[in-house]
Amino acid sequence: MAFLLVSAYLLLTHAQGAPVENGALLETLKSQVGLLFSNKSEHYLAQVRPPGTSRQIPQTIIIGVRKGGTRALLEMLDIHPNIVVAATEVHFFDWDENYVKGIDWYRSLMPFSYGNQITIEKTPGYFTSPQAPGRIHDMNSSIKLLLILRDPTERVISDYTQVYYNRVESHKPVQLFEDIVIKNGALNTKYKAIQRSLYDVHMEKWLKHFSLDQIHIVDGNTLIKDPLPELQKVERFLNLPSRIMSSNFYFNQTKGFYCIRSDGRERCLHESKGRPHPLVNNTVLEQLYSYFREHNAKFYRMVNHSFDWH
């Protein structure tokens with residue numbers, strides 16, 4: 001980064017024939033090099049702007065669900081030449097402290113794109129956020145949304161697993177899955193991971209703002225087993241030419257899931273993805289299946305589609 005700043009400074013002073021004052025240098029760098037500065041610190045992200053490109057507000061957003069396969073979906077869609085993706089989860093519509101920064105701040109976090117490209121960002125927290133549906137609708141009422149879901153019980157266990165490993169790595173105390181999910185002999189329905197898996201409850205809020213044909217649901221269980229058919233459905237939903245091919249994927253026996261082959265290189269998801277889940281007591285599993293069964297049925301009726309969930 002220091003090399004970039006020095007190089008940019010030398011180029012600018014050479015071009016202008018005289019040293020540039022610090023303030024003027026900053027503004028020139030921001031406009032010509034695409035340097036983004038945080039209001040709170042000197043954290044920055046530099047990206048050279050290719051000719052003919054600009055930063056666009058996303059035309060498509062992956063709204064969730066947490067631990068549903070959002071990162072895999074984003075990485076796989078990034079193969080498509082007509083798609084550019086935001087590098088990080090922005091949390092613009094679900095975090096008040098970001099939303100108050102305004103739409104220009106949001107746009108500034110997007111990658112540069114050409115006119116024929118769709119910008120996609122993903123923040124899994126949007127799906128369960130009370131504010132996100134209305135805020136996204138206020139920005140663009142005709143936006144296309146992607147929602148990737150998996151079996152609700154599997155999602156709860158995956159949610160627990162992520163938190164478990166994060167706490168272990170931070171040297172914090174951990175609890176067994178059963179000790180969190182069961183309280184006083186009954187299912188702990190207030191557990192946040194269980195709340196996030198009530199797809200019908202959250203979907204109801206989205207359908208108050210968007211029509212069903214604006215929301216494409218990706219089957220997360222299918223995506224990890226056979227990615228191409230699910231991605232082809234997304235291409236059609238986004239009215240994009242079919243460019244993602246079976247040759248873009250290969251199964252990694254060691255990791256146990258598909259990795260990506262694109263632009264002459266191979267890459268797999270971060271090692272934090274696909275971590276082994278704990279073995280869960282069968283009685284607890286049956287309690288979870290039973291609890292979600294009615295919610296799942298309601299969700300199927302909402303979206304006019306059923307899934308192979310327990």
>> If you apply the rule side chain to side chain contact (heavy atoms under 4.5 Å, CB included), what do you find for F299 with M203, and how did you get there?
In response: CA-CA 8 Å; F299 179 76; M203 192 67 174; 3.8 Å; yes

>> How close do M110 and A86 get, counting heavy atoms only, and between which atoms?
In response: SD-CB, 4.0 Å

> So, does E266 use its side chain to make a donor-acceptor pair with the main chain of R261 at under 3.5 Å?
Replying inline: no

> Has the side chain of H91 got a donor or acceptor atom that lies under 3.5 Å from a matching backbone atom of E97?
Replying inline: no

> Closest approach of F210 and N140, non-hydrogen atoms and distance?
Replying inline: CE2-O, 4.1 Å

>> Taking ring pair (Phe, Tyr, Trp, His ring centres under 6.0 Å) as the definition, give me every residue that meets it alongside H202, ordered by chain and number, with sequence neighbours left out.
In response: F127

>> For N281, is there any backbone N or O sitting under 3.5 Å from a side-chain donor or acceptor partner on E178?
In response: yes

>> I'd like to know if L146 and F92 are part of one continuous hydrophobic network [Ile/Leu/Val/Met/Phe/Trp/Tyr, side-chain heavy atoms within less than 4.5 Å].
In response: no

> Less than 4.5 Å apart, any side-chain heavy atom of L231 and any of F249?
Replying inline: yes

> Atom SG in C268, atom CZ in F257: separation rounded to 0.5 Å?
Replying inline: 6.0 Å

> Taking C-beta and beyond as the side chain, do I194 and L288 meet within less than 4.5 Å on heavy atoms?
Replying inline: yes

>> Between L145 and L238, is there shared hydrophobic-cluster membership here, with clusters defined by ILVMFWY side-chain heavy atoms closer than 4.5 Å?
In response: no

> Quick one: CG on D200 to CE on M302, what's the gap to the nearest 0.5 Å?
Replying inline: 5.5 Å

> If two hydrophobic side chains count as joined below 4.5 Å and joins carry through other members, does V234 share a cluster with F307?
Replying inline: no

> If only atom types and distance count, is the side chain of S170 paired as donor or acceptor with the main-chain N or O of N166 below 3.5 Å?
Replying inline: yes

>> Between F93 and Y106, is the ring centroid distance below 6.0 Å?
In response: yes

> Can you name the residues that form a side chain to side chain donor-acceptor pair (under 3.5 Å) with N252, not counting sequence neighbours?
Replying inline: none

>> So, taking the atom named CD1 in I143 and the one named CD1 in I136, what distance separates them when rounded to the nearest 0.5 Å?
In response: 6.0 Å

> Would you find a donor on one side and an acceptor on the other, under 3.5 Å apart, between the side chain of N248 and the backbone of S262?
Replying inline: no

>> Would you say the ring centers of Y199 and H295 fall short of 6.0 Å from each other?
In response: no

> Looking at OG1 of T161 and CZ of R155, how far apart are the two atoms once the value is rounded to the nearest 0.5 Å?
Replying inline: 11.0 Å

> Side-chain contact, heavy-atom cut-off 4.5 Å: I215 with L207?
Replying inline: yes

> Can you name the nearest heavy-atom pair linking G185 to Q287, along with the distance?
Replying inline: O-NE2, 4.3 Å

> Any side-chain heavy atom of H80 sitting closer than 4.5 Å to one from P241?
Replying inline: yes

>> Distance check, rounded to the nearest 0.5 Å: I260 atom CD1 versus E75 atom CD?
In response: 5.5 Å

> Do we see a donor-acceptor contact under 3.5 Å between the side chains of R150 and S158?
Replying inline: yes

> Residues sharing L176's hydrophobic cluster, by side-chain heavy-atom contacts under 4.5 Å among ILVMFWY, directly or via others?
Replying inline: none

> For P173, does its backbone N or O pair with a side-chain atom of R167 as donor and acceptor, under 3.5 Å?
Replying inline: yes

>> Would the distance check show the side chain of T123 and the main-chain N or O of V90 forming a donor-acceptor pair, the cut-off being under 3.5 Å?
In response: yes

>> Quick check: is Y165 connected to L269 through a chain of hydrophobic side chains (ILVMFWY, heavy atoms under 4.5 Å apart)?
In response: no

> Are the side chains of L285 and I157 in touch, meaning some heavy atoms are under 4.5 Å apart?
Replying inline: yes

> If you measure from CD on Q131 to CG on D94, what distance do you get to the nearest 0.5 Å?
Replying inline: 8.0 Å

> When clusters are formed by joining ILVMFWY residues with side-chain heavy atoms under 4.5 Å apart, either directly or through shared neighbours, do Y300 and L147 land in the same one?
Replying inline: yes

> If only atom types and distance count, is the side chain of D159 paired as donor or acceptor with the main-chain N or O of R66 below 3.5 Å?
Replying inline: no

>> If you count every heavy atom of other residues, nucleotides or ligands that lies below 6.0 Å from D263 atom CG, does the total exceed 12?
In response: no

Report all side-chain donor-acceptor pairs from residues 218-228 shorter than 3.5 Å, counting only partners two or more places apart or in another chain.
from, atom 1, to, atom 2, distance (Å)
D219, OD1, N221, N, 3.0
D219, OD1, T222, N, 3.2
D219, OD2, T222, OG1, 3.2
N221, OD1, D151, N, 2.9
N221, ND2, E154, OE1, 2.9

>> Would you say the ring centers of Y126 and W206 fall short of 6.0 Å from each other?
In response: no

> Are Q117 and T119 close enough that a side-chain donor and a side-chain acceptor fall under 3.5 Å?
Replying inline: no

> After noting the C-alpha distance and the side-chain angles of N98 and K101, does the key distance pass the side chain to side chain contact (heavy atoms under 4.5 Å, CB included) rule?
Replying inline: CA-CA 5 Å; N98 286 342; K101 295 176 184 178; 3.4 Å; yes

> Under 30°, 30 to 60°, or over 60°: which ring-plane class applies to Y160 and Y164, parallel, tilted or perpendicular?
Replying inline: tilted

> After noting the C-alpha distance and the side-chain angles of I148 and V65, does the key distance pass the side chain to side chain contact (heavy atoms under 4.5 Å, CB included) rule?
Replying inline: CA-CA 6 Å; I148 180 167; V65 64; 5.9 Å; no

> So which heavy atom on S197 is nearest to which on P152, and how close?
Replying inline: OG-O, 2.9 Å

>> Show every salt bridge (charged side-chain N to carboxylate O under 4.0 Å, His left out) that has at least one partner inside residues 228-238, sequence neighbours left out.
In response: E230-K233

>> Is the ring pair Y258/F251 parallel, tilted or perpendicular, if the boundaries are 30 and 60 degrees?
In response: perpendicular

>> Restricting to non-hydrogen atoms, name the atom on I180 and the atom on N188 that form the minimum distance, rounded to 0.1 Å.
In response: O-ND2, 3.1 Å

>> So which atom in S141 and which in Q214 form the shortest heavy-atom distance, rounded to 0.1 Å?
In response: O-NE2, 2.9 Å

> Under the salt bridge (charged side-chain N to carboxylate O under 4.0 Å, His left out) rule, what pairs show up with a residue in residues 104-119, not counting sequence neighbours?
Replying inline: D104-R107

> Is the side chain of E121 donor-acceptor paired with the backbone N or O of E89 at a distance under 3.5 Å, no angle test?
Replying inline: no

>> Under a 3.5 Å distance rule, please check whether K144 uses its side chain to pair with a backbone N or O of F237 as donor and acceptor.
In response: yes

> For I103 and M139, what are the C-alpha separation, side-chain angles and deciding distance, and is it a side chain to side chain contact (heavy atoms under 4.5 Å, CB included)?
Replying inline: CA-CA 8 Å; I103 201 70; M139 178 192 72; 3.8 Å; yes

>> Looking at D308, I'd like to know if its CG atom is crowded, meaning that more than 12 non-hydrogen atoms belonging to other residues, nucleotides or ligands lie closer than 6.0 Å.
In response: no

> Between K298 and E294, is there a salt bridge with N-O shorter than 4.0 Å?
Replying inline: no

